[in-house]
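Report on one structure; see the data block that follows.
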Amino acid sequence: MHEAIETLKRSALAELSTSGDLQALEHFRISYLARKGQIAELFDKLKDAPPEQKPALGKALNEMRRSIESQFEEKKARLETGQKKKSIHLDLTLPGLRPWVGSKHPITQTLDEIKRIFLGMGFQVETGPEIEDDYHNFGALNFPPDHPARDMQDTFFISNDVVLRTHTSPVQIRVMETQKPPIRALIPGRVYRNEAISARSYCLFHQVEGLYVDTNVTFAELKGTLVAFAKQFYGSSLKYRFRPSFFPFTEPSAEMDITCFLCKAKGCRVCKNTGWLEILGCGMVDPNVFQSVNYDPEMYTGYAFGMGIERIAMLRYGIDDIRILFENDIRFLSQF
Ligand code: DAH
């Protein structure tokens, strides 16, 4: 019978150690520890044992039961606290983790809005290279060879003849070299200037250029188009003015101002107390430019305009340092 006690103990402890959850443990309890379980069954056999062996067998039986019971209790306690811990991990009332969602850069958003308005007026998007030759960036646009814009101070030269484009106007030339009028091109892109970097200027920024060429294009059409754009973009209540200006590639040239929408033209730091904001340069395409692309200046006229995007986006979103637009800091970008 000693052997039977030993065997039962071994099989009980082995089963206990593989009981991985409370359900298995309950199964174990019924099988071994319950009133009709295997341990009780063995106790029953004690009455048939020879009387002189009974004390020792009783002692062995009791020890076996105590040892199994205590390991059972220990395991039960462990599984119960373990389950409590688990239930913390599975708190279904906790709010979910929100996945990161990207957003469009404020420059892209501004560009998209400008494109939407001009595409609605029949313009078509064109693009050109950011590494440009001197001829397209300057010469064909009627810049004289000694023009100050070619100065090392303003232009990044890659070689004597190759530059990082300083404006999107060279794409006007590339479009006219490959297409015949009528042309209605909208040209967005990055441009580069060798400027001292500050809160107001950066070595790289974006422009949008417009070009319209056909027979009988007039300055009135230029004004009408730009006013229609400005009212859609900045709001229909704005006032505007065109001031005479100079660009080598347009004649006559102008700059367009709108009433400052930040102070409602009362005068603030941004409009330098004038109530006006300059938003773009424009003019009628200079006949010399037509000649450089072999368009007959007697037959065709056209207008062009160009505007910087950073300034517009900064005014729109109240951003006071241009450099932050190029840092790609998630804390900034996720606000748009
Ligand atoms: N390219 C000029 C600049 O970078 C902007 C500009 C002015 C473009 C007048 C034009 C224009 O097309 O007609 O300052």
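Both counts, for ligands and for their atoms, begin at 1 and track the order of listing.
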*Which ligand 1 atoms does Q172 reach within 4.0 Å, using its non-hydrogen atoms?*
12 (O)
*At a 4.0 Å threshold, what atoms of ligand 1 neighbour a non-hydrogen atom of S169?*
1 (N), 8 (C)
*Show which atoms of ligand 1 fall inside a sub-4.0 Å distance from at least one heavy-atom site of A304.*
12 (O), 13 (O)
*Report the residue from R190, R174, R165 that forms a salt bridge (Lys or Arg N to Asp or Glu O under 4.0 Å) with E132.*
R174
_Residue pair Q291 / P297: nearest heavy atoms and the distance that separates them_ = NE2-CG, 3.8 Å
*Going by distance only, is there an N or O of T166 that falls short of 3.5 Å from an N or O of ligand 1?*
no
*Which atoms of ligand 1 are found less than 4.0 Å from any heavy atom of Q207?*
3 (C), 4 (O)
*Taking the six-membered ring for Trp, are the ring centroids of Y300 and F290 within less than 6.0 Å of each other?*
no
*What protein heavy atom is closest to atom 11 (C) of ligand 1, reported as residue, atom name and distance in Å?*
F249 CE1, 3.4 Å
*Should the pair R316 and F233 be classed as cation-pi, given the thresholds of under 6.0 Å to the six-membered ring centre and 45° from the axis?*
yes
_Atom indices of ligand 1, in the order listed, that fall short of 4.0 Å to a heavy atom of G283_ = 13 (O)
*Just jot down the ligand 1 atoms closer than 4.0 angstrom to any heavy atom of T250, in number order.*
13 (O)
*Quick check: are there more than 12 heavy atoms from other residues, nucleotides or ligands sitting under 6.0 Å from CG of L119?*
yes
*What is the minimum heavy-atom distance between L141 and P170, and which atoms define it?*
CD1-N, 3.7 Å
*Can you pull out the closest protein heavy atom to atom 12 (O) of ligand 1? Residue, atom name and distance to 0.1 Å, please.*
E209 OE2, 2.6 Å
*Heavy atoms only: which of M307, R193, E251 is nearest to atom 3 (C) of ligand 1?*
R193
*Would the number of heavy atoms belonging to other residues, nucleotides or ligands and lying under 6.0 Å from CG of D146 be above 12?*
yes
